[in-house]
Every structure is written in structure tokens, then in C-alpha cells.
Novice: 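Quick one: the structure is below, questions incoming.
Worth saying up front: this structure is predicted, and the values here are computed from it rather than measured. Side-chain atoms are counted along with the backbone in the values below, which use heavy atoms only and exclude waters and symmetry mates.
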Amino acid sequence: MNFQYKTTLIRNYVTNTCIKTLSLVAMVMVIGLSNNFIHAEPTSETTTVSSTEISFKYQEIKAIYKKLNNENDPEELAKLVKKSSDFVKMFPKYKRVDEVFYYLGNGYVRLELVDEGIKTFEKLIKDYPDARYVQPSLLELGLAYDKLSKHDKADEIYNKLIEHPKYGSKTYAKQAKQILELERSERKGKLATPEGVSTGPNSNLIGKPAPDFKVKDLKGKELSLEKYRGKVILLDFWATWCGPCIAELPNVKRTYEKHKDQKFEIIGISLDRSKTKLDTFIKKENLNWIHYWDHNQTIAQQYKVSGIPSMFLIDGKGVVRKANLRGHALGTEVAKLVKENLTKPADSDPKSTTKDTQMKSVPAVKIQKKETTTQVPNSMQTLEEKMQAWVGKKVPDLEVKDIDGNKLSIKDYRGQVVLLDFWATWCGPCIKEMPKLKKTFQEYKDQKFQIIGISLDRSKQPLVDYIKKEELGWIHYWDEDRKVKTEFGIQGIPTAFLIDGEGTIRKASLAGFDVETAVAELVKENLAKQDNSTETEKQEITSENEQKEETE
């Protein structure tokens, strides 16, 4: 989309909303939106515009932005730019003008008018340094400079965000750190997709069986999709820190209250970083449906969730019928599927069947489950099942060099228990597990035990710095070209494999396992085997010596 086309869209919008006799010169002046509002004196808020009218204009702009979501509809973006530009000129002292500035800058960048977006973000940061939207604006300003390949300027902005006394420890700063770890050639002005998360659209699951899971919800009760067969399920991936998720909550609440007694259930899958914050929010907002804290993103990875909110509407047979429902569409589609589910024959609901029917149906259900399981393609297996498929198999060997340049081969560690740990310095759950790994290594490093860390970091230097800072004394390999990751089929981290002295994988898990216990048990077993082997050898030698003496 070229500049001329974009300015034409804005011109068309202005033409439709302005007096027909507006001259071409005046139109061009209006199209030069950034110059008009960046350099002109702000219009004072006159008494002719009531606070109610100002609030209405603000809500209208916010609604346009929310409607766009991640879609770059040029006409809607042009509308967002025009209305936002007018607003910041007319009401520079409005309490939420920083938010409108952010929408304006975002709209410019998405229209590929990146220079205009940069001017907008810079004005916001300069004129409203303590405002709430300075934080995301700093990140987007850095991305805008990256988009223009002005990486030195982008670095300056990212570091300003990271070192900010108020925002330096928060989400946007962490994203800035991750961007700085990338090679500059990879920085195109968009946030990187987290490792292990597919960018494929959620709609790929529509018409397929919903991947099941067996976990415990926030109340400690067993939770699986199979448990709710016969009910319509809305699987909602969200987080308390996610603005669009919170904005969608009224729709979710309304839908739940309307259908909760009609064989309908919501299962919230939270990607929050803190369980305490999640519990507090759920209680405060009276979110009375089922909740699970997916802190390791195991279920999110099963469903290939690359952004939130993400929703999956699942029918009574466990098949995904809709995905990415928002706003009015959410209530409409849930109502349709609930109605369809309720009109099915009563005996299709396992809870409504008679005792005799249940007795007859049990074998059929078992047979059907078995057939379904054997026919499910590999792509539909859960990630955890794929990991478990490694157990009992010989571990593939590595022929690489570790970060110190030494030859690294798993075969060289035969006779030792090896923990193969796939991780990265940017991976929160990996870092959370680090104290356990350090403790385990210190306890067993002299008992024929070794850890081999396979790093999926995007650049080598942050990895080297972290290893040195944290004194991680085991072996490390930087999987720069992702060959080892591909060899093991790794789709998310942390992922760990525990290998016995004979090179057989004994444990494998996507989200890690109880490392301390598992290692202790296998180390003990390995040492006992070697002790027995040594004793046997001694006995054989003694027997041979005795036979020699008798012969002599």
C-alpha cells in the first residue's frame, strides 16, 4: 500500500464528513495531519463542549481502535487517525489524552506512515512524561525506528524503557530486552513470536477434536475436557494483564450468566505470571466459571495460541466449532450451539441415560475411544504425549561443540545419568526452575551425573553472560541453527529429558518434572548397577585366579 493510496483514504474520509465545497487546498492541509497537530498551538477546551460530549468522542475513538484489533483495515485506520488528531488538538488537557495520542501513533504506523507515528509517540513522551501510555509508546517508538532500520535510535529508546524508574521491571520493558537480544537483521519492527508458540491461526482447529488435557483447576479439582462431554464449552485463553481480555470480560460474563444452566461451561486458561494476582482478580470480579493457571503455557501450546484473548467454542462431542469469537459474535455463536446441543436426543447426554442404557453403552464408548485414539494424526497429539513417546528409546547423539569450543557428544557420557535441558535466558519458567537445577547439580555432580543445557537463545552473548553471572557449572550448547531442537521435536520450553547410564531416555516432559526426586532415584539406581557390575567382575577375577591355582 503506497503513501498516495493511504492519503487518498484519509482524504475520502474527510470529504465525506466535511462541507462539500471544501477546497482542494484545505483538504491537503487536513491530510497533513501530523504537521497540523504537532506544530500548531493546541486548541483550548471551550465551555461550548460539555464533558459528556468530550467523553463520547473519546469512547468513539476507543471503540474504533478496539474494532480494528489486529486487522489493518485502511479505511478504519484513516478514520482513527482523523478523529484522534482532531481530539488531541481540541482537548490537550483531557485526562486520557495520552491514550488517544497512543492510538494516533499506532494508526499512523499501521498505515505505514511511520515517520508520522514517530513524531506522535515522541510528542506524547515529551509532553506527558508521567502518563500511563508512555510505557507502550516507548516500545512502539522503538519498533517504529526498527521498521525504518534505524536500529541505533531504536536501541536508545529500548534502553530508555528498560532503565525507566517506573516501567523498567514491567512487561513492555521485558519485551524490549528480548528485542535487544535479536540480531539487527531480524528486527523488522514487529514483536517476535515466543519460542514454542505457533503463529498459525486458531481457526486451524475448527472441525477437529479439541486437544484434551488433564490438570487441576485453581480449586484443586481434576479438570479435563472429557469430563464435560455433553456440554458446550468455551475455552478462553486470557490474562489479567491483557487489556483486550479485560475489555472482553463483560461479554464473557453476560454469556455465562445467560447459558450457565443450559449445559454450558466456560473454562478460563490464564497466562498470568502470578497466581496470587489471578486469584485476587477472579474473586474481585466474581468470575464464577472454571479457571486454570497455565503458568508453563502447556495448554496454550497445545492450542497453538500466539496471542490473547483467544477463544475456542467446543460442542458436546468435543469438536471445535468456532474460534476467535469476540463482542456480539461471542454471545450469538454460543446461543446457537447451546440451542443445537439442547435439541439433541436426551439419551445423548450421559447424565440423562438410564442404568440399563449406560450398561449397554459402556463397551461402545470404550471401543469408540480406542478407535479415535488410534486414528488421530500426529498433528493432533498433545505435546506432552509427543514427549512421552521418547521414554524407553535410545537418546539421539549429538556431534557438536559446546559454548567453550569443546567437542560434545552424549555417547561420551555413557555410564552417567544425564539431564538434557532445553531452555533459554528469556524463558520465565526456565529461569524459575534454575535454582532447582543448580541445587541438583551441586548435590550429584560427583556421583556420575551431568547436565547438558541446550540453549534456544537468539544470540550467544546474553547466554554467555547469564551462565557466568549465575555460575552454571554444567555443560552448555547454543543451538543457534535449531538442529538439536528439531531433532528432538521440541515445541516449547522448558523441556527436559532424563537419560540413564545406558543412553535410554527414562523421563521426558514439556514443562519439566520433579527434577530433584527423579535425578536422585536414577543416580541411586545407576550407582547400584555399577557397584553390582564391579562386584561381579571381582568375583569373576577371583574365580579365574582360583582355577589357575588349582591347575598349577
Side-chain angles (χ1 to χ4, degrees), residues 198 200 202-238 252 255-256 259-271 287-305 308-325 330 333-334 336-338 340-342 344 348-353 358 361-362 364-388 491-492 510-511:
S198 169
N202 296 340
S203 56
N204 285 347
L205 282 174
I206 293 176
K208 298 177 181 177
D212 203 0
F213 44 82
K214 291 185 179 180
V215 295
K216 289 188 178 180
D217 65 20
L218 285 182
K219 295 181 180 179
K221 296 180 180 178
E222 296 292 334
L223 174 61
S224 68
L225 291 181
E226 187 177 8
K227 181 179 178 181
Y228 293 95
R229 287 291 184 265
K231 286 189 174 185
V232 172
I233 300 294
L234 180 66
L235 199 61
D236 179 20
F237 290 85
W238 71 296
V252 180
T255 302
Y256 180 72
H259 301 291
K260 65 180 180 180
D261 298 321
Q262 299 177 322
K263 295 185 180 179
F264 171 71
E265 188 57 77
I266 297 176
I267 300 177
I269 308 295
S270 165
L271 303 184
L287 309 183
N288 297 319
W289 49 88
I290 299 161
H291 295 276
Y292 173 67
W293 181 38
D294 193 21
H295 59 290
N296 287 324
Q297 297 192 17
T298 305
I299 300 178
Q301 289 166 358
Q302 277 184 255
Y303 280 79
K304 302 185 185 303
V305 171
I308 53 174
S310 284
M311 298 185 185
F312 299 85
L313 190 60
I314 304 166
D315 66 20
K317 294 181 179 178
V319 175
V320 177
R321 299 287 290 275
K322 296 285 181 180
N324 299 322
L325 295 170
L330 173 64
E333 295 300 329
V334 168
K336 286 181 183 176
L337 195 55
V338 164
E340 176 189 316
N341 192 58
L342 290 173
K344 288 183 177 180
S348 67
D349 180 2
K351 291 184 180 178
S352 64
T353 54
Q358 287 177 353
S361 67
V362 168
V365 170
K366 286 184 177 179
I367 292 169
Q368 182 62 39
K369 278 187 71 177
K370 184 175 180 181
E371 290 174 351
T372 303
T373 302
T374 56
Q375 293 174 3
V376 171
N378 289 335
S379 62
M380 292 303 296
Q381 287 181 308
T382 68
L383 298 181
E384 190 61 35
E385 286 173 342
K386 289 181 179 179
M387 289 300 101
Q388 291 304 314
Q491 298 185 45
L510 174 70

Novice: Distance check, rounded to the nearest 0.5 Å: K231 atom NZ versus L337 atom CG?
Specialist: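 With rounding to 0.5 Å, NZ (K231) is 14.0 Å from CG (L337).
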Novice: Could you give the distance from CD (Q301) to CG (N296), rounded to the nearest 0.5 Å?
Specialist: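 These two atoms lie 8.5 Å from each other.
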Novice: Please confirm whether the backbone N or O of L342 pairs with a side-chain atom of K263, one donor and one acceptor, at under 3.5 Å?
Specialist: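 Looks like no, no N/O pair under 3.5 Å.
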Novice: How many angstroms lie between atom CD of E340 and atom CZ of R321, to the nearest 0.5 angstrom?
Specialist: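 So the gap between those two atoms works out to 4.0 Å.
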Novice: Quick one: does D212's side chain get under 4.5 Å of E226's, heavy atoms only?
Specialist: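 Yes, close enough: below the 4.5 Å cut-off.
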Novice: With rounding to the nearest 0.5 Å, note down the distance linking CG in L330 to CE in M311.
Specialist: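 Rounded to the nearest 0.5 Å, the CG-CE separation comes to 5.5 Å.
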Novice: Quick check for you: to the nearest 0.5 Å, what is the distance between F264 atom CZ and L313 atom CG?
Specialist: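 The CG atom of L313 is 7.0 Å from CZ of F264, to the nearest 0.5 Å.
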Novice: My understanding is that only residues two or more places apart in sequence, or in another chain, count here; which of them pass side-chain hydrogen bond (donor to acceptor under 3.5 Å, both in side chains) with D294?
Specialist: none
Novice: Using the rule given for side chain to side chain contact (heavy atoms under 4.5 Å, CB included), can you reason through W293 versus L218, listing the C-alpha separation, both sets of side-chain angles and the distance that settles it, and then say yes or no?
Specialist: CA-CA 7 Å; W293 181 38; L218 285 182; 3.9 Å; yes
Novice: For a 4.5 angstrom cut-off between non-hydrogen side-chain atoms, does Y228 reach L223?
Specialist: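 Heavy-atom side-chain distance check passes, below 4.5 Å.
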Novice: Output the distance between atom CD1 (I267) and atom CG (L235), rounded to the nearest 0.5 Å.
Specialist: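 Interatomic distance, I267 CD1 to L235 CG, rounded to 0.5 Å: 6.0 Å.
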Novice: For the backbone of K317 and the side chain of D315, can you confirm whether one donor and one acceptor N or O come within less than 3.5 Å of each other?
Specialist: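 Answer holds: yes.
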Novice: Please give me the minimum heavy-atom distance between S310 and N324, naming the atom from each residue.
Specialist: OG-OD1, 4.4 Å
Novice: Heavy atoms only: give me the nearest L225-P211 pair and the separation to one decimal.
Specialist: CD1-O, 3.5 Å
Novice: For K214, what residues pass the side chain to side chain contact (heavy atoms under 4.5 Å, CB included) criterion, not counting sequence neighbours?
Specialist: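 By the side chain to side chain contact (heavy atoms under 4.5 Å, CB included) rule, K214 matches S224.
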Novice: Could you list the residues that satisfy ring pair (Phe, Tyr, Trp, His ring centres under 6.0 Å) with Y256, not counting sequence neighbours?
Specialist: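 Y256: ring pair (Phe, Tyr, Trp, His ring centres under 6.0 Å) contacts with W289.
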Novice: Which pair of heavy atoms, one from G230 and one from N341, lies closest together, and at what distance?
Specialist: O-ND2, 2.9 Å
Novice: Is any side-chain heavy atom of Y292 closer than 4.5 Å to a side-chain heavy atom of S270?
Specialist: no
Novice: Pick one: which of D236, V305, I206, I233 meets side chain to side chain contact (heavy atoms under 4.5 Å, CB included) with F312?
Specialist: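 Of the listed residues D236, V305, I206, I233, the side chain to side chain contact (heavy atoms under 4.5 Å, CB included) partner of F312 is V305.
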Novice: Just to verify, what does K260 make a side-chain hydrogen bond (donor to acceptor under 3.5 Å, both in side chains) with, not counting sequence neighbours?
Specialist: E257
Novice: Parallel, tilted or perpendicular, judged at 30° and 60°: which one describes the rings of F237 and Y303?
Specialist: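 Plane angle between 30° and 60°, so tilted.
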Novice: Please tell me if the side chains of K216 and E222 come closer than 4.5 Å, counting only heavy atoms from C-beta onward.
Specialist: yes
Novice: Evaluate side chain to side chain contact (heavy atoms under 4.5 Å, CB included) for V252 paired with I266, printing each intermediate quantity in order.
Specialist: CA-CA 9 Å; V252 180; I266 297 176; 3.7 Å; yes
Novice: Looking at H291, is its backbone amide N or carbonyl O close enough to the side chain of D217 to form a donor-acceptor pair, meaning the two atoms are under 3.5 Å apart?
Specialist: no
Novice: State, with a plain yes or no, whether a side-chain heavy atom of L271 is found less than 4.5 Å away from one of I308.
Specialist: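 Counting from C-beta outward, L271 and I308 do come under 4.5 Å.
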Novice: So, for G318 and R229, which heavy atoms are closest and what is the spacing to 0.1 Å?
Specialist: CA-NH1, 3.7 Å
Novice: Yes or no on side chain to side chain contact (heavy atoms under 4.5 Å, CB included) for V338 and Q262, after CA distance, side-chain angles and deciding distance?
Specialist: CA-CA 7 Å; V338 164; Q262 299 177 322; 3.7 Å; yes
Novice: Which residues pass the side-chain hydrogen bond (donor to acceptor under 3.5 Å, both in side chains) test with H295, not counting sequence neighbours?
Specialist: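 Scan of H295 (side-chain hydrogen bond (donor to acceptor under 3.5 Å, both in side chains), adjacent residues dropped) gives none.
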